[in-house]
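Have a look at the structure below before the remarks.
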Amino acid sequence: MGGSEEVAQGSDGARVAVVVVGAPVGDDSAAPPPAAAAGAAPAVTPGEEAAKRESLLAAAAAAAECKQEAAAAATGLQAMAVTVARDVEAGGLDASTSGAADEKPSWFTPKRLLVMFCLINMLNYVDRGAIASNGVNGSRQSCTGGTCTSGSGIQGDFNLNNFEDGVLSSAFMVGLLIASPIFASLAKIHNPFRLIGVGLLVWTIATAGCGCSFDFWSITICRMLVGVGEASFISLAAPFIDDNAPAAQKTAWLAMFYMCIPTGIAVGYVYGGLVGNSLHWRAAFWGESILMLPFVILGFVIKPLELKGFNHSVKTKEYGEMLNPERQDETKQGASIGVDGLAETLPHKFSISSFGKKVLTEIKHFMKDMKELLQEKVYVINVLGYISYNFVIGAYSYWGPKAGQDIYNMASADIMFGGITIVCGIFGTLSGGFILDKIDSTISNAFKLLSGATFLGAIFCFGAFCFKSLYGFIPFFSVGELLVFATQAPVNYVCLHCVKPSLRPLSMAMSTVAIHIFGDVPSSPLVGLLQDKIHNWRSTALTLTSILFIAAIFWFIGIFVRSVDRFNEQSEHDVPAVERSNLRPLLDENEEARAS
């Protein structure tokens, strides 16, 4: 009987494993018959010996049959897991998620999404303009001819020199550079829309902290945290807009979004000048924090959206780790082991939650994505031109009002530069987007527009600072900024469309990191350092403007590099491209996928 008991236990154990994973169980008639007694009588007749042999053979055959049945069930489990996972990604299994679907607000359309993102983007750049304004930034105490004038604003209160003041303007970049790739990586495992909400919360707290700072280092740390908050939005907002814009207006929609950069900076100049002079520079930061608060609430309250190339639906979680597409290969491996290792393999594979291992896995995936990103020549050339461009624009935005006030004795440099920037920024950025859509939105055409507009814009801006009269400066500088700002939508269109959909957040994050760490982060303090050495704002401005020609050269090279628009490639999770109308609610239950 010992042999039959082992067979029965093995069979039952196999059956229990199959029941746990969901395989069908046969009836009890498949169970092997009891084996002969363990202790046989000393005298065995030929008939008894033959009967014992037959019963042992029958038990062995039954054990082999049960083993094959369990192995087949394990294989069926793997196939079922893959099938269900695909059904989940495709939007199936409605019965288990109908409750969540009922909560989707039908009022949330792509156009409303665009408006909301534009307002958030504008507030981000209002903050940058405000800290550069004379009303908030102020000036140091100065003494000439035995007469001393008291300082004003941040620079006056904290007694900052020009280099320290330039460092303060770039401090938020430190947080942005560190956090941007982190948020891009987290987008693969957490919903990007919720990540934007988290970032906006950090931004709101940090700007309020700027208003409460008491010395150079306290406000510098708060500015770094402002960058952390902004990082999630910078990396993830543009892909959402690109997903939901009409096919024939993608660049125009991006232009509307990036139009908020010059507009926000210009409004920030005016806002900072008015609030800083009439109330206090601290009140300007508190006002920004209050204005952003409603968007923070929306980021956590409204139903989160999904980004093309990713699937963060709660449906996958309901069916367990086994349905994670990244775990499907492990499921296949577990199924190939068979019944002997099935009971040990599955718990081992799906119960490991070590934080260290997760971090190492994410780093491995990040390095793999980075390698793929840097092998894309179009992307690298585009970003090199963008770095040169942003080096100039970053310094313009920070030092422009002070340079204008010194060179042309502008009575209200904040309002003058703000007015030129806001008008040229709006019309220039929108023109760039609409022109690219008109001539056909291709990567090659984008490079043609980038190189031509930047080259002409550099000529006009350089010529503007050569004029000694304010009346010559204003028209030339206005035309120059109009042309320069026409690059905003095309350059980001190239970043989004030269990589596959799942790499878009990382593409935007790393372009942001590059243009800041090599562009406007060093440009503001370097320009301040140059001005401290030569004490001539006209020469400093001409030297800075000449770098725009380098950007034009890089983008001109991009015209001749072979490029492929990869927007319609399927993602790594086999999520197909979906073309949505700009009029259909994004979160309407009655989507085409559900109707089909």
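Fair warning: this is a prediction, and the values are worked out from it, not measured in the lab.
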Q | Lys402 with Asp165: basic N within carboxylate O range, under 4.0 Å | A | yes
Q.
Does any part of the side chain of Phe467, heavy atoms only, come nearer than 4.5 Å to the side chain of Ile407, both counted from C-beta?
A. no
Q | Phe556 atom CZ, over 12 foreign heavy atoms within 6.0 Å | A | no
Q) Are Phe460 and Phe476 an aromatic pair by the rule of ring centers under 6.0 Å? A) yes
Q) Are Phe518 and Phe391 close enough that their ring centres sit under 6.0 Å apart? A) no
(Q) In this structure, is the centre-to-centre distance between the rings of Phe477 and Tyr396 below 6.0 Å? (A) yes
Could you give the side-chain donor-acceptor pairs of residues 116-128 under 3.5 Å, partners two or more places apart or in another chain?
residue: Asn121; atom: ND2; partner: Phe257; partner atom: O; Å: 3.0
residue: Asn124; atom: OD1; partner: Trp203; partner atom: NE1; Å: 3.2
residue: Asp127; atom: OD1; partner: Arg223; partner atom: NH1; Å: 3.0
residue: Asp127; atom: OD2; partner: Arg223; partner atom: NH1; Å: 3.1
residue: Asp127; atom: OD2; partner: Arg223; partner atom: NH2; Å: 2.6
residue: Arg128; atom: NH2; partner: Glu230; partner atom: OE2; Å: 2.4

Q: Considering only NZ, NE, NH1 and NH2 on the basic side and carboxylate oxygens on the acidic side, decide whether Arg538 and Asp406 come within less than 4.0 Å.
A: no
**Q.** The single option from Trp281, Trp217, Phe214, Phe216 passing ring pair (Phe, Tyr, Trp, His ring centres under 6.0 Å) against Phe158
**A.** Trp281
Q) Charged N to carboxylate O below 4.0 Å: is that the case for Asp369 and Lys188? A) yes
Q) Is a salt bridge present between Lys371 and Glu376, judged by a nitrogen-to-oxygen distance below 4.0 Å? A) no
(Q) Salt bridge check, Asp437 against Lys250: does any charged N sit closer than 4.0 Å to a carboxylate O? (A) no
